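This report concerns only the one structure given below.
Order of appearance sets the numbers: ligands from 1, and atoms from 1 within every ligand. None of these values were measured; they are calculated from a predicted model. In this chain, residues are counted from 1 in sequence order.
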Amino acid sequence: MYSIKVLTISLSFSLLMSCEQELGNTNSEVGAIGQNAMITSAHPLATKVGLDILRKGGNAYDATVAVQFALAVVFQRAGNIGGGGFLVLREKDGKTAALDFREKAPKQASRDMYLDENGEVIPMKSRFGHQAAGVPGAVAGMWELHQQYGVLDWNVLIQPAVELAFYGFTLTNDAANQLNLKQEDFIKANRETPWTVNAAGWQLGDTVKLPELAATLSFIRDMGRDGFYKGIVADQIVKEMNRGGGLISVEDLEDYQPKWREPVTGSYRGYKIISMSPPSSGGVALIQLLQGAEQYDFGKSGHNTSEGIHLMTELARRVYADRATYLGDPDFYDVPVDMLLSSAYNKERFSTIQLGQKTLSNEIKEGEVDIIESVETTHFSIVDANGNAASLTTTLNAYFGCKVLVRGAGFFLNNEMDDFSAKSGVPNMFGLLGAEANAIVPEKRMLSSMTPTILEKDNELFMVTGTPGGATIITSVFQSILNVVDHGMSMQEAVNAKRVHHQWLPDRILVEEGGLSQKVADQLKALGHEVEYRSSWGKIDAILVRPDGSYEGAADYLRCDDYAEGF
Ligand code: GLY
C-alpha cells in the first residue's frame, strides 16, 4: 500500500488561513501593485502558493505548476488534475510558446457515441457521468512545462498542494455554495458517497481535509507524470471507469502526451497579440475580433454604448459562425488558420456590417441552438521578477466536471467530451455549434474556447490576460483588451467593467445585470437586437505592465474569490 509523505517541505502558516481573511484587494480602480512580480488566480491560497515559489527562486513556470496543483485542491470545481488546459508563455527575452494539455477522446470513443438508435443526441450523456470524461492532460502538461522551463525541483512545486489537501483549508462562501448546488449530482454520479456530499449543507469556514487527494498528489510529487498515468492512480481511474461504463483505458493514460504548439499572433493598434492556437478556437477568434475592431474607433464610441455593443455584436456574430464551421483539432482536421487570420479574409468577412442595422444570424449561417448554461473553468496569470510571463486557462469543463470523483484518488474527472460536436447542428452546453471539424474521433482533442493571451507593446511585455466562461471566454478577453487599449481603463477597471456577449447563435446580446442604461438598451432594441440580462460570467485574472515597469494585478474579486498579489 502507499504511504503519504507530507511535511518534507514546510508550508507557511498563512496558506492555511481562511480565504475570507485574504480578500484584500478592494480598490476598485487600480489592482494590486508589485514592483517585481505578480500572480492573480481564482483563489488566495493558490496565489500565495505561487508567490512562495517565486520567493524561493522559482520562475514563472515553476509558479505555474505550483498554482495549477494548488487550485486542484482549494478550487476543486475547476482547478484540476482530472482535466486539461492551455498555456501561453512569453520568456523575458521575448521567446513565446504555447502548451496544449487538452484532454483527448479515449481510444474507444466513436463519432456517434452520444446518439440514440434514431440518431438523436441522448441528453446529458456527454455531460454527466463516466462516459463524459476525456483523457486528462493536466498532470502531463505540468510535467512537460517543468521539464522544459522549470528551475526548482518538481517535488518542491507539488508539496504545497499535498499539504493543503492533507492538513485542510477552509471553504469560502462561494465554494460552499457551489458544493451545495451540486449535491444531487454528486450522489447520482458516484456509487459511493463522495466527500462533497454533506446533508447539513456546506458553510463558509468549514474545514475540508482531503487525505485521498493528498495521497494522489504525493504519488505525482514523487514519480512525476508516472505517478498519475501509471501505477495506483491510473488503476484507480480505470477501475472508476469500469464502475460507470466509462471509456478511459490503461493505454489511454499511458499514451497521453501534451503538445507544444506555435501560438497564434496578430496585432491590434500597435500591440502584438500572442494567444492560443487550435485545438482552442480562442486565439484565432480573438485575433479575428481584434482585426475587425481595428476598423472602428471604439474609444470614440465609448464603453458599453449602443454603437460599441452593436459593433462588438456584429463582429462576434461572424467570428463565432466561422468558429462553428472551421475550428477543431489540427492533428485531425485541416484548420484554415492562415485564412481566418488574413486581413483580406477578415476585411471581406466584416464588410457587411452596418452601423444602423443588425444582421440576422441566420443570414450568416443557419443553425438551431438553445441557451448557454454555464460559464466555468479557471484562469491564472503570472509574471516573475525576470519578466517571464505565463497565461494559463484550465478546466474540468462544467464545475466539478462529470461529477465523478475517482474513488480512492479523491479528484474529479472532466466532462470535456461535451466540447465535441456530438451531432452537427446540435449545440453543446455552451450553446456552441460544431461541424465536421469538431466531430468525435478516437484520440482527437475537443475544440475549446480557452483564450490565454499575452500582449506586447514595442517588443516588451504589456499584458497577460484570460478568463473562464465557456463560449464567453473569447468576448471577455476581447473586452479586457479593448477596455485598456481603447477605453483607457486600468487593468482592475477593465476586469471590473460589466461585460456583454454575443456568439452568433442564439441571436441575442447577453448583458451583465447593471451593464446598460435603459437608453442604451432601447437604442440596441431599435437596431433590431434582443438584449438578455444575466447575473455575471467570467473571472478575468490579468496583469498589466505599468509605464514605470511595475505590475498591476487585477483579480476578478467582484465576481468571485479571485486574488492578486505581487511583491
Ligand atoms: N470547456 C470549455 C472550453 O474548453 O472552452
One pair per line, please: each N/O atom of ligand 1 matched with every protein N/O atom under 3.5 Å away, atom names first, then the distance to 0.1 Å.
unit_1   : atom_1 : unit_2 : atom_2 : d
ligand 1 : 1 (N)  : Asn397 : OD1    : 2.7
ligand 1 : 1 (N)  : Glu416 : OE2    : 2.7
ligand 1 : 1 (N)  : Asp419 : OD2    : 2.6
ligand 1 : 4 (O)  : Arg102 : NH1    : 3.0
ligand 1 : 4 (O)  : Arg102 : NH2    : 3.2
ligand 1 : 4 (O)  : Asp419 : OD2    : 3.1
ligand 1 : 4 (O)  : Ser448 : OG     : 2.7
ligand 1 : 5 (O)  : Ser448 : OG     : 3.3
ligand 1 : 5 (O)  : Ser449 : N      : 2.7

**Request:** Using the test side chain to side chain contact (heavy atoms under 4.5 Å, CB included), find all partners of Tyr333 that sit at least two apart in sequence or belong to another chain.
**Result:**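 Per chain and number, Tyr333 pairs via side chain to side chain contact (heavy atoms under 4.5 Å, CB included) with Val335, Glu436, Ala437.
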**For Ala409, all residues meeting side chain to side chain contact (heavy atoms under 4.5 Å, CB included), sequence neighbours excluded** =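 Testing Ala409 for side chain to side chain contact (heavy atoms under 4.5 Å, CB included), a comparison that skips the adjacent residues, returns Thr216, Gln236, Val406, Phe411.
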**Message:** Between Ser41 (side chain only) and Ala46 (backbone N and O only), is there a donor and an acceptor less than 3.5 Å apart?
**Reply:**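 Not at all, since once roles are kept as given, no pair shorter than 3.5 Å links the two residues.
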**Those residues that, when tested against Phe412, pass ring pair (Phe, Tyr, Trp, His ring centres under 6.0 Å) (two or more places apart)** = Phe186, Phe400
**Message:** In terms of relative ring orientation, are Phe462 and Tyr271 parallel, tilted or perpendicular, with 30° and 60° separating the classes?
**Reply:** tilted
**Asked** Which pair of heavy atoms, one from Glu416 and one from Leu396, lies closest together, and at what distance?
**Response** OE1-C, 3.7 Å
